[in-house]
**Student:** 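A single structure is presented below for examination.
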Amino acid sequence: MKHNLFDLFQNRFPADRSEPFIETGDSRVYTYAEAEQASSRFARLLGDRGVQPGDRLAVQVDKSPEAVFLHLASLRLGAVYLPLNTAYRDAEMTHFFTDAEPKALICRPEDEAERGALARASDVSCVLTLNGGGEGTLIAESRGLDADYPTAETDADDIAALLYTSGTTGRPKGAMLSHHNLSSNLLTLHEAWGWNSTDVLLHALPLFHTHGLFVALGCVLLNGTRMLFQSNFDVDEAVRLLPRASVFMGVPTHYVRLLSHSGLTRDVCRTMRLFVSGSAPLMEETFHAFAERTGHTILERCGMTETCMNMSNPLDGERIAGTVGPPLPGIEARITDSEGKELDAGDTGMLEVRGPNVFKGYWRQAEKTAAEFRGDGFFITGDLARIDKRGYVSIVGRAKDMIISGGYNVYPKEVEMVIDTVEGVAESAVVGLTHPDFGEAVVAVVRRREEIGRPSEEEIIAAVKQDLANYKVPKRVFFTEELPRNSMGKVQKNVLRENFADTFSAPPGNT
Ligand code: MLC
Ligand code: AMP
């Protein structure tokens with residue numbers, strides 16, 4: 001079946017294309033007409049530079065309206081959008097270039113020399129630039145091009161986006177999401193969350209992950225209304241903008257920071273209809289404190305890069321703290337034991353999901369893909385959960401060794417691999433510890449070789465900073481003479497978490 005996500009969006013754009021789409025912090029307004037025209041010009045330029053349907057388009061740029069238009073251009077071209085966190089370092093980028101083999105890279109002008117060279121060394125033939133202010137060679141070279149690009153007639157199962165997510169082996173893998181995966185999920189969310197013609201989203205999230213790129217932006221595009229656009233999350237600005245918004249989506253850290261602001265009051269939230277939280281567990285105390293302060297019950301939902309959204313608390317029914325709600329319409333969830341046998345209501349086990357939202361597999365990793373699906377099509381999420389009699393899902397833990405810090409996933413293995421290369425390190429174990437701002441924070445426990453005092457905490461942190469994105473860098477490094485192990489020789493991370501549990505008990509800013 002022919003289907004392109006851009007066509008779905010475009011059919012829902014307001015009839016009057018001069019209606020506002022994006023309003024930036026400096027009060028510039030971008031209309032739907034500009035989105036249509038700019039995405040057309042970008043698609044034409046990239047097409048002229050050799051990007052064909054199915055080619056990967058790697059994008060590592062700051063948040064801007066033009067970055068939104070670039071995503072739309074990629075859909076129109078039938079290309080595979082590969083958004084990359086601006087925090088990724090050269091070592092991480094090299095893996096994306098060699099694994100995904102993109103045809104083109106759009107990067108920040110200041111990164112062009114270094115990243116462009118890395119990309120070219122990996123046979124990326126086209127490198128263009130875009131900055132947060134909407135300038136760069138992408139803009140300059142597309143000026144005056146065709147504003148009426150014919151959107152590619154992709155198949156519903158063609159890949160629209162490739163999003164990298166790390167894994168327990170330490171090597172990020174690309175999750176392939178089709179046009180239909182995304183459109184089915186966005187239509188479901190748009191309906192479930194009751195979007196209406198007066199809605200205005202306060203968009204505070206980055207544009208390189210599922211939450212900000214698909215869930216938040218996608219709902220606005222399906223709604224054909226306006227969003228207030230924060231180029232970075234700034235809590236003062238957010239509090240200033242809330243009285244002009246009706247919907248906000250954030251990770252728990254956003255809510256913790258909003259609550260820490262004395263300006264967050266019922267009055268500031270008077271036009272708000274819906275606050276959505278996800279990407280990491282929302283603490284019950286945050287849920288209750290927010291309700292008390294603002295009169296709004298946060299709607300918590302749960303998803304994954306591989307599936308977009310799976311569960312959501314209801315818009316109209318009861319939103320229960322500590323749960324992520326029932327599966328969304330058209331999506332099934334079940335809990336299984338270690339043999340894959342379905343468990344009863346209330347029992348804790350592995351969360352598995354099935355539905356039109358579930359991705360097509362990991363890029364060029366057929367075996368890994370097969371290992372994460374059951375024969376009947378259920379995807380094994382790696383989350384430990386239970387489902388109560390009413391069908392509400394509670395995430396109670398993770399079977400995968402993963403930390404979620406401020407809504408970003410960090411796989412300890414990836415960090416340990418870097419630490420273990422530092423001279424003087426014998427071995428390391430990375431764990432997530434409770435943190436008042438980020439929910440969990442990355443911490444390393446290291447056993448050094450013979451030399452006393454080398455490497456230092458600062459040296460280890462500096463080494464990780466060199467190779468990995470800033471949110472993966474340990475906030476603290478502790479030294480030990482021995483890592484606790486079980487009888488199988490496996491490091492007991494639960495013991496480390498207990499031993500260092502109080503590390504971040506101080507309020508944010510004092511840690
Ligand atoms: C920034 N830092 C972090 C961090 N973000 N450290 C740990 N965890 C994080 N998430 C580092 C910075 O590099 C800096 O370190 C120091 O912490 C302070 O930075 P900051 O200025 O306070 O951070 P800020 O820029 O304000 O970013 C915080 C944040 C951001 C919460 C706004 O992390 C963020 O946008 N998170 C959202 C992530 C997201 O979109 N997740 C969705 C994934 S999709 P230093 O040393 O450099 O000074 C998904 C599926 C689903 O999960 O279900 O949605
Ligand atoms: P990612 O691969 O970055 O998309 O992260 C997906 C993971 O984030 C899920 O497997 C969950 O472990 C976690 N997650 C997302 N939303 C929630 C939530 N509301 N509560 C608890 N965990 C969540």
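It should be emphasised that the depicted structure is a prediction, and the values quoted were computed from it without experimental measurement. Note that ligands are numbered from 1 as they come in the structure, with each ligand's atoms numbered from 1 the same way.
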**Student:** Identify, by atom number and element, the atoms of ligand 1 in contact range of Leu205, meaning under 4.0 Å from any of its heavy atoms.
**Tutor:** 40 (O)
**Student:** Taking ring-ring contact (aromatic ring centres under 6.0 Å, His included) as the definition, give me every residue that meets it alongside Phe290, ordered by chain and number, with sequence neighbours left out.
**Tutor:** Tyr255, Phe275
**Student:** What protein heavy atom lies closest to atom 53 (O) of ligand 1? Include the residue and the distance to one decimal.
**Tutor:** Arg301 NH1, 2.7 Å
**Student:** Tell me whether the centres of the aromatic rings in Tyr471 and Tyr408 are closer together than 6.0 Å.
**Tutor:** yes
**Student:** Please determine, by modelled atom types, if Asp99 and Tyr164 share a side-chain donor-acceptor pair under 3.5 angstrom.
**Tutor:** yes
**Student:** Could you name the option among Tyr471, Phe233, Tyr408 that has the heavy atom nearest to atom 30 (C) of ligand 1?
**Tutor:** Tyr408
**Student:** Looking at Met311, Arg301, Met309, which one forms a side chain to side chain contact (heavy atoms under 4.5 Å, CB included) with Leu328?
**Tutor:** Met309
**Student:** Looking at Gly303, which atoms of ligand 1 are within less than 4.0 Å of one of its heavy atoms?
**Tutor:** 53 (O)
**Student:** Below 4.0 angstrom, counting only protein heavy atoms, does anything approach atom 44 (S) of ligand 1?
**Tutor:** yes
**Student:** Return the residue, atom name and 0.1 Å-rounded distance of the protein heavy atom closest to atom 54 (O) of ligand 1.
**Tutor:** Ser279 OG, 2.6 Å
**Student:** Between ligand 1 and Gly406, is the shortest N or O to N or O distance under 3.5 Å?
**Tutor:** yes
**Student:** Does any N/O atom on Thr210 come nearer than 3.5 Å to any N/O atom on ligand 1?
**Tutor:** no
**Student:** Take every heavy atom of Pro206, measure it against each atom of ligand 1, and state whether any distance is under 4.0 Å.
**Tutor:** yes
**Student:** State whether Phe229 and Lys63 meet the cation-pi test: NZ (Lys) or CZ (Arg) under 6.0 Å from the six-membered ring centroid, and within 45° of the perpendicular axis.
**Tutor:** yes
**Student:** Does the protein place any heavy atom closer than 4.0 Å to atom 7 (C) of ligand 1?
**Tutor:** yes
**Student:** Indicate yes or no: does an N/O atom of Ser405 lie under 3.5 Å from an N/O atom of ligand 1?
**Tutor:** yes
**Student:** If you scan the protein for heavy atoms around atom 33 (O) of ligand 1, do you find one that is closer than 4.0 Å?
**Tutor:** yes
**Student:** Look at atom 13 (O) of ligand 1 and say whether a protein heavy atom is found at less than 4.0 angstrom from it.
**Tutor:** yes
**Student:** Which pairs of N or O atoms, one from ligand 2 and one from the protein, are separated by less than 3.5 Å, and what is the distance for each pair?
**Tutor:**
unit_1: ligand 2; atom_1: 2 (O); unit_2: Thr305; atom_2: OG1; d: 3.2
unit_1: ligand 2; atom_1: 2 (O); unit_2: Asn409; atom_2: ND2; d: 3.1
unit_1: ligand 2; atom_1: 3 (O); unit_2: Asn409; atom_2: OD1; d: 3.4
unit_1: ligand 2; atom_1: 3 (O); unit_2: Asn409; atom_2: ND2; d: 2.8
unit_1: ligand 2; atom_1: 4 (O); unit_2: Thr305; atom_2: N; d: 2.7
unit_1: ligand 2; atom_1: 4 (O); unit_2: Thr305; atom_2: OG1; d: 2.8
unit_1: ligand 2; atom_1: 5 (O); unit_2: Asn409; atom_2: ND2; d: 2.9
unit_1: ligand 2; atom_1: 10 (O); unit_2: Asp383; atom_2: OD1; d: 3.4
unit_1: ligand 2; atom_1: 10 (O); unit_2: Asp383; atom_2: OD2; d: 2.6
unit_1: ligand 2; atom_1: 10 (O); unit_2: Lys400; atom_2: NZ; d: 2.8
unit_1: ligand 2; atom_1: 12 (O); unit_2: Asp383; atom_2: OD1; d: 2.6
unit_1: ligand 2; atom_1: 12 (O); unit_2: Asp383; atom_2: OD2; d: 3.3
unit_1: ligand 2; atom_1: 16 (N); unit_2: Ser279; atom_2: N; d: 3.1
unit_1: ligand 2; atom_1: 19 (N); unit_2: Glu300; atom_2: OE2; d: 2.9
unit_1: ligand 2; atom_1: 19 (N); unit_2: Arg301; atom_2: O; d: 2.7
unit_1: ligand 2; atom_1: 20 (N); unit_2: Glu300; atom_2: OE2; d: 3.4

**Student:** Counting the benzene-type ring for Trp, do His203 and Phe248 have ring centres under 6.0 Å apart?
**Tutor:** no
**Student:** Counting non-hydrogen protein atoms only, what is the nearest one to atom 47 (O) of ligand 1? Give residue, atom name and distance.
**Tutor:** Asn470 CB, 4.3 Å
**Student:** Between Asn310 and Asn357, does any side-chain donor sit less than 3.5 Å from a side-chain acceptor?
**Tutor:** yes
**Student:** A side-chain contact here means heavy atoms from C-beta on lying under 4.5 Å apart; do Thr165 and Glu306 qualify?
**Tutor:** yes
**Student:** What's the shortest distance from atom 46 (O) of ligand 1 to any protein heavy atom, and which residue and atom give it?
**Tutor:** Lys465 NZ, 3.7 Å
**Student:** Check for me whether the distance between the ring centres of Phe373 and Phe378 falls short of 6.0 Å.
**Tutor:** no
**Student:** Any protein heavy-atom neighbour for atom 51 (C) of ligand 1 (distance below 4.0 angstrom)?
**Tutor:** yes
**Student:** Taking the six-membered ring for Trp, is the centroid-to-centroid distance between Phe359 and Phe379 below 6.0 Å?
**Tutor:** yes
**Student:** Considering heavy atoms of the protein only, find what lies nearest to atom 5 (N) of ligand 1 and give residue, atom and distance to 0.1 Å.
**Tutor:** Phe438 CE2, 3.9 Å
**Student:** At what distance is the nearest protein heavy atom to atom 31 (C) of ligand 1, and which residue and atom is it?
**Tutor:** Thr253 CG2, 3.7 Å
**Student:** Please report the C-alpha distance between Lys360 and Asp157 in whole Å, then the side-chain angles of each, then the deciding distance to 0.1 Å, and finally whether the salt bridge (charged side-chain N to carboxylate O under 4.0 Å, His left out) criterion is met.
**Tutor:** CA-CA 8 Å; Lys360 296 288 159 201; Asp157 282 339; 3.3 Å; yes
**Student:** Can you find a side-chain donor-acceptor pair between Glu440 and Ser405 that sits under 3.5 Å?
**Tutor:** no
**Student:** Do me a favour and list the nearest non-hydrogen protein atom to atom 15 (O) of ligand 1 with residue, atom name and distance?
**Tutor:** Lys475 NZ, 4.5 Å
**Student:** Please report whether ligand 1 has a polar contact with Gly407, defined as an N or O pair separated by less than 3.5 Å (distance criterion only).
**Tutor:** yes
**Student:** Has Glu191 got more than 12 heavy atoms of other residues, nucleotides or ligands less than 6.0 Å from its CD?
**Tutor:** no
**Student:** When you measure from atom 20 (P) of ligand 1 to every protein heavy atom, which one gives the shortest distance, and what is it?
**Tutor:** Arg257 NH2, 4.2 Å
**Student:** Hydrogens and angles aside, do Gln60 and Arg115 bring a side-chain donor and acceptor to less than 3.5 Å of each other?
**Tutor:** yes
**Student:** Distance only, no hydrogens: is a donor on one side chain within 3.5 Å (strictly under) of an acceptor on the other, for Glu414 and Ser166?
**Tutor:** yes
**Student:** Please check if any side-chain donor atom of Trp193 sits under 3.5 Å from a side-chain acceptor atom of Ser312, or the reverse.
**Tutor:** yes
